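Worksheet: the structure to be examined is printed underneath.
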Amino acid sequence: MKSIFLLNQEECILEEIKGVLELSGFSVKTFKSLKQLEKVVEFNHPDMIISEVSVSDGNCLIYLKKLRGRCGYPFVCLSRKTDESCRILAFEIGADDYIFLPCSTKELVLRVKAIFRRIDYHKDDRCKNDVWKLGQLYLYMDREAHNYYLDGKEIDFTASEWRILSTMTEEPGMLFSRSRLLQNCFDTTIGYDRTIDNHIKNIRSKIGSGWIETVRSYGYRFVCDCYDSTGRKSSFK
């Protein structure tokens, strides 16, 4: 059973969302303050956090930025504000979704399930592990454990960064437009080039810039010498 930590200051919204998520098979723990959430997350790691953006004791986007330095589990933002800049900032920091309130509880559950489905796909036992080589560097993906390693050192990606890199490494050498990455990784074609660009920038800062080539005015491609799990080699440059 997937565990979800839910933060919202309005009792009626908190109980409504909690109820529908539990009916959908999730274990839900509720919080009414950011301080309380932070304290529990320090010692108990959920499968997902769903949080109101603005609460009386802090800003959850600041907390999300801090959290992304330590872990990569999914984070969904809830907000009554329709401010576009706030939504863009949330995605740039590493939010997996941004939902405006009031919203359909059915839609919220579907979005939560979609995020878990994308993550669980890469944990499927049927997926093979992959190794790529670029120069003297080796990048290894353990799909079952949901980890990447660069020359044996584990790389801590956010859920969004994992989805983007995993999508691109499935087709080395293939040119991905920003809109295709939005569609494949976030189930939407409505987004901003800057959002994808920021995630790519973060991925490069963790594994090096050579793995991802920029195709000006279009998008990106993953380039490497690829060694799959059977030992066969192909060139993707």
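Since we're looking at a predicted model, the values are computed, not measured. Values below: every heavy atom of this structure, side chains too, minus hydrogens, waters and symmetry copies.
Side-chain contact between Ile17 and Leu6 is present, with at least one heavy-atom pair separated by less than 4.5 Å. You'll find the side chain of Glu171 stays beyond 4.5 Å of the side chain of Arg221, heavy atoms only. With contacts defined as side-chain heavy-atom distances shorter than 4.5 Å, the pair Asp47/Phe26 does not qualify. In this structure the side chain of Glu42 never reaches within 4.5 angstrom of the side chain of Glu38, judged on heavy atoms. Taking 4.5 Å as the limit, every side-chain heavy atom of Thr158 sits out of range of all side-chain heavy atoms of Trp162. Side chains of Lys39 and Gln36 form no contact here, defined as non-hydrogen atoms less than 4.5 Å apart. Side-chain contact check for Arg80 versus Ile13: some heavy-atom pair is nearer than 4.5 Å. Residues Ile50 and Leu7 form no side-chain contact, since every pair of their non-hydrogen atoms from C-beta on lies 4.5 Å or further apart.
Centroid-to-centroid, the aromatic rings of Tyr138 and Trp132 stay 6.0 Å apart or farther. Aromatic ring centres of Phe75 and Phe5: separated by at least 6.0 Å. For Phe157 and Tyr148, the ring centers are positioned less than 6.0 Å apart. Between Phe100 and Tyr98, a ring centre-to-centre spacing shorter than 6.0 Å is recorded.
Nearest heavy-atom pair, Gly219 versus Leu175, reported as atom, atom and distance to 0.1 Å: C-CD1, 4.3 Å. Annotation for Phe176 and Arg180: closest pair CE2-CZ, 3.4 Å, computed over non-hydrogen atoms. In this structure, Ala95 and Cys77 approach most closely via the heavy-atom pair CB-SG, 4.0 Å. Scanning all heavy atoms of the two residues, the minimum distance from Leu181 to Met168 falls at CD2-CG, 4.0 Å. Heavy-atom minimum distance, Lys113 versus Ser24: CE-CB, 4.2 Å. Closest approach of Leu137 and Leu150 over heavy atoms only: CB-CD1, 4.4 Å.
To the nearest 0.5 Å, atom CD1 of residue Ile203 and atom CD1 of residue Ile164 are 5.0 Å apart. Of the inter-residue distances, the one linking Glu16 atom CD with Leu108 atom CG reads 9.5 Å to the nearest 0.5 angstrom. Here CG of Leu110 is found 9.5 Å from OG1 of Thr105. Values are rounded to the nearest 0.5 Å. Remark: Leu134 CG to Trp211 CH2 distance equals 4.5 Å, nearest 0.5 Å. Glu84 CD to Leu89 CG: the interatomic distance, rounded to the nearest 0.5 Å, is 12.0 Å. Taken to the nearest 0.5 Å, the CG atom of Leu21 stands 9.0 Å off from the CE atom of Met48.
Under 3.5 Å, the side chains of Ser177 and Ser179 contain a donor-acceptor pair of N or O atoms. When only modelled atom types and interatomic distance are considered, Ser79 and Glu52 share no side-chain donor-acceptor pair under 3.5 Å. For Thr214 and Arg204, the side-chain atoms include at least one donor-acceptor pair closer than 3.5 Å.
When each of Glu10, Glu11, Gln9 is paired with Lys32, the side chain to side chain donor-acceptor pair (under 3.5 Å) condition holds for Glu11 and for no other.
Checked by atom type and distance alone, the side chain of Arg178 pairs as donor or acceptor with a backbone atom of Tyr218 at under 3.5 Å. With hydrogens and angles ignored, the 3.5 Å screen pairs no side-chain donor or acceptor of Thr195 with any backbone N or O of Glu92. A distance-only check finds a donor-acceptor pair linking the side chain of His199 to the backbone of Phe91 [under 3.5 Å]. Formation of a donor-acceptor pair under 3.5 Å by the Lys206 side chain with backbone atoms of Asp156 is found in this model. With hydrogens and angles ignored, the 3.5 Å screen pairs a side-chain donor or acceptor of Thr169 with a backbone N or O of Ser166.
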* Asked: Could you walk me through whether Asp57 and Lys35 pass the salt bridge (charged side-chain N to carboxylate O under 4.0 Å, His left out) check?
  -> CA-CA 7 Å; Asp57 64 334; Lys35 184 177 180 180; over 6 Å; no

* So Val55 and Cys60, side-chain contact (heavy atoms from CB on, under 4.5 Å) or not? Walk me through it. -> CA-CA 7 Å; Val55 291; Cys60 291; 4.2 Å; yes

* Walk me through it: do Asp197 and Tyr220 pass the test side chain to side chain donor-acceptor pair (under 3.5 Å)? => CA-CA 9 Å; Asp197 292 345; Tyr220 301 96; 2.6 Å; yes

* CA sep, side-chain torsions, deciding dist, call: Asp96, Ser160, side-chain contact (heavy atoms from CB on, under 4.5 Å) -> CA-CA 6 Å; Asp96 293 273; Ser160 298; 3.5 Å; yes

* Is there a side-chain contact (heavy atoms from CB on, under 4.5 Å) between Leu37 and Ile49 once you walk through the steps? -> CA-CA 9 Å; Leu37 174 65; Ile49 292 177; 4.3 Å; yes

* To do: Test side-chain contact (heavy atoms from CB on, under 4.5 Å) on Val53 and Cys86 and set out the steps.
  => CA-CA 9 Å; Val53 171; Cys86 184; 4.2 Å; yes

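Counted within 6.0 Å of NZ on Lys201, heavy atoms from surrounding residues, nucleotides or ligands total 12 or fewer; the atom is thus considered open.
Placement of Leu34 and Val40 within a single hydrophobic cluster is found when ILVMFWY residues are connected by side-chain heavy-atom separations under 4.5 Å, directly or transitively.
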